[in-house]
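Everything numeric here is computed off the predicted structure, so don't read it as measured data.
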Amino acid sequence: MMLLRSLLSAYLVAVAFAVPAQEKRIHHQADLSNHIHDDDHGYQYDHEAFLGKEEAKTFDQLTPDESKDRLAKIVDRIDTDKDGYVSHAELHHWIKHRQRRYIEENVNKNWKDYDQNKDDKISWEEYKNTTYGYYLGEEFDDVEDKATYKAMLTRDERRFKSADRDGDGIATREEFTAFLHPEEFDYMTDLVVQETIEDIDKDSDGKINLDEYIGDMFTPEDEESEPDWVQTEKKHFAEFRDTNKDGYLDAGEVAHWILPGDVDHADNEAKHLIHETDTDKDGRLTLSEVLDKADFIRISTITDYGGMRVDGHDEL
């Protein structure tokens, strides 16, 4: 029951959580941070990008001396050629590694729940029975919002079959990763686009109009005034998203919107962190430069994306 409730919570958040579109639907590989990248209003994005989401939380509990000691260990690990400097390439590699680590840890956590027979594979039956089993024979009659759970089951089965490349009904670890993180796999692109359209397309015509596009992000409550970003998004819809100017987003336009493969945010963040931290402007970072900007870094991504450990057990 707990798994089922957790799944419902994740599903409802995915279809109903109202935030600006530029941060909500677009998949730029694994997110560097849950925060918007806006240095004028704080550095929390950089904090999580440099340290990683979970390590950023840990850093918030450390004393200044403890923070600097941990930063020194992290810088030493980023400096793979041990020349005393962190180059752009090393920092870019680190941030990308933290992205991958987050996905791996998420898959490992779920793997333990679903691999019931411990054969290092997960069948559709294992996933279905673990998630929905008690209620399958009941047709979800004992569950509130029965239609939502039925829709979740149908959607999960379709996604599982899409991820299962050899069609044997059993997911390897890579296939299960594609099931949990379809945006990371090219062969799952059509599925990601399809799910996105289904989430937003309220009139079920297979495409997204302007009202649906905005409604996915913002629903006014009690005469609430429209935020400025809504007008910006309306302009983006008309000028950039709707490329054929027919008033709708079709599958191709949605794919271009949510899966912009030409944007490497890890690379951009590495450049940004070096720019902000590189005191002598030689294009690389020393430990002293990082420690001088410790307050900036501890609110940034170097330290751990998804649970970095500095005890030597987390290999690059």
Side-chain angles (χ1 to χ4, degrees), residues 7-8 10-32 36 99 103 106-107 124 127 147-167 169 171 174-219 229-266 268:
L7 191 60
L8 177 62
Y11 179 82
L12 293 177
V13 167
V15 301
F17 189 58
V19 296
Q22 65 269 24
E23 297 298 325
K24 178 184 178 185
R25 291 284 181 187
I26 303 175
H27 299 284
H28 303 294
Q29 301 92 41
D31 293 335
L32 295 179
I36 295 174
Q99 290 177 320
I103 291 172
N106 178 251
V107 171
W124 165 244
Y127 178 85
T148 298
Y149 281 110
K150 285 186 174 181
M152 288 163 53
L153 175 59
T154 299
R155 182 165 169 152
D156 275 352
E157 184 172 15
R158 182 182 64 195
R159 184 189 283 197
F160 193 97
K161 288 179 178 179
S162 296
D164 178 20
R165 300 193 77 172
D166 58 10
E174 181 176 354
E175 289 170 334
F176 193 62
T177 303
F179 171 73
L180 293 179
H181 299 277
E183 69 281 354
E184 298 295 317
F185 294 80
D186 290 341
Y187 78 93
M188 298 290 283
T189 295
D190 289 346
L191 186 280
V192 174
V193 170
Q194 182 179 3
E195 289 184 354
T196 301
I197 292 175
E198 289 173 351
D199 287 346
I200 304 175
D201 175 25
K202 301 308 179 184
D203 62 12
S204 300
D205 65 352
K207 51 191 177 181
I208 299 171
N209 61 40
L210 178 59
D211 289 340
E212 291 167 335
Y213 176 80
I214 296 300
D216 181 56
M217 301 175 279
F218 174 72
T219 302
W229 63 260
V230 171
Q231 286 300 319
T232 300
E233 284 300 324
K234 288 179 178 179
K235 184 176 180 180
H236 286 172
F237 181 96
E239 296 183 3
F240 306 114
R241 312 274 189 242
D242 179 20
T243 56
N244 64 5
K245 309 305 178 186
D246 67 350
Y248 299 91
L249 302 187
D250 58 26
E253 290 165 332
V254 170
H256 184 71
W257 164 37
I258 67 170
L259 296 165
D262 58 335
V263 179
D264 185 344
H265 283 259
N268 290 342

*Asks:* Taking 4.0 angstrom as the limit, do Arg155 and Asp199 come out as a salt bridge?
*Replies:* yes

*Asks:* Counting heavy atoms not belonging to Tyr248, are there more than 12 under 6.0 Å from its OH?
*Replies:* no

*Asks:* Taking side chain as C-beta onward, heavy atoms only, is Phe218 less than 4.5 Å from Glu233?
*Replies:* no

*Asks:* Between Tyr213 and Arg241, is any side-chain donor less than 3.5 angstrom from a side-chain acceptor?
*Replies:* yes

*Asks:* Does atom CD of Glu174 have more than 12 heavy-atom neighbours, drawn from other residues, nucleotides or ligands, at distances under 6.0 Å?
*Replies:* no

*Asks:* Of all heavy-atom pairs between Asp164 and Gly169, which one has the smallest distance, and what is that distance?
*Replies:* OD2-N, 2.6 Å

*Asks:* Please report the closest heavy-atom contact between Val107 and Thr177, naming both atoms and the distance.
*Replies:* CG2-OG1, 3.5 Å

*Asks:* Which pair of heavy atoms, one from Arg159 and one from Glu195, lies closest together, and at what distance?
*Replies:* NH2-OE1, 2.6 Å

*Asks:* Search all heavy atoms of Asp203 against all heavy atoms of Asp205 and return the closest pair with its distance.
*Replies:* OD1-OD1, 2.9 Å

*Asks:* Quick check for you: to the nearest 0.5 Å, what is the distance between Lys161 atom NZ and Glu157 atom CD?
*Replies:* 4.0 Å

*Asks:* How long is the gap from CD1 on Ile103 to CD on Glu184, to the nearest 0.5 Å?
*Replies:* 3.5 Å

*Asks:* Using atom types as modelled and distance alone, determine if a side-chain donor or acceptor of Glu253 lies under 3.5 Å from a backbone N or O of Ile208.
*Replies:* no

*Asks:* To the nearest 0.5 angstrom, please state how far the CE atom of Met188 sits from the CD atom of Gln194.
*Replies:* 10.5 Å

*Asks:* Is the backbone of Ala238 close enough, under 3.5 Å, to the side chain of Lys245 for a donor and an acceptor to pair up by distance?
*Replies:* yes

*Asks:* Roughly how far apart are Ile214 CD1 and Trp229 CH2, rounded to 0.5 Å?
*Replies:* 6.5 Å

*Asks:* Of the non-hydrogen atoms in Asp201 and Glu212, which two are nearest, and what is the gap between them?
*Replies:* OD1-OE2, 3.3 Å

*Asks:* Can you check whether Val254 reaches Ile200 side chain to side chain, under 4.5 Å on heavy atoms?
*Replies:* no

*Asks:* Taking all non-hydrogen atoms of both residues into account, name the closest pair between Phe160 and Trp124 and its distance.
*Replies:* CZ-N, 3.4 Å

*Asks:* Evaluate whether atom NZ of Lys234 has more than 12 neighbouring non-hydrogen atoms of other residues, nucleotides or ligands under 6.0 angstrom away.
*Replies:* yes

*Asks:* Could you state the interatomic distance from CG (Asp211) to CG (Asp216), rounded to the nearest 0.5 Å?
*Replies:* 12.5 Å

*Asks:* Tell me if the CG atom of Asp246 is crowded by more than 12 foreign heavy atoms within 6.0 Å.
*Replies:* yes

*Asks:* If we ignore hydrogens and angles and just use 3.5 Å, is the side chain of Glu183 paired with the main-chain N or O of Leu259 as donor and acceptor?
*Replies:* no

*Asks:* Tell me whether the rings of Tyr187 and Phe185 are parallel (<30°), tilted (30 to 60°) or perpendicular (>60°).
*Replies:* perpendicular

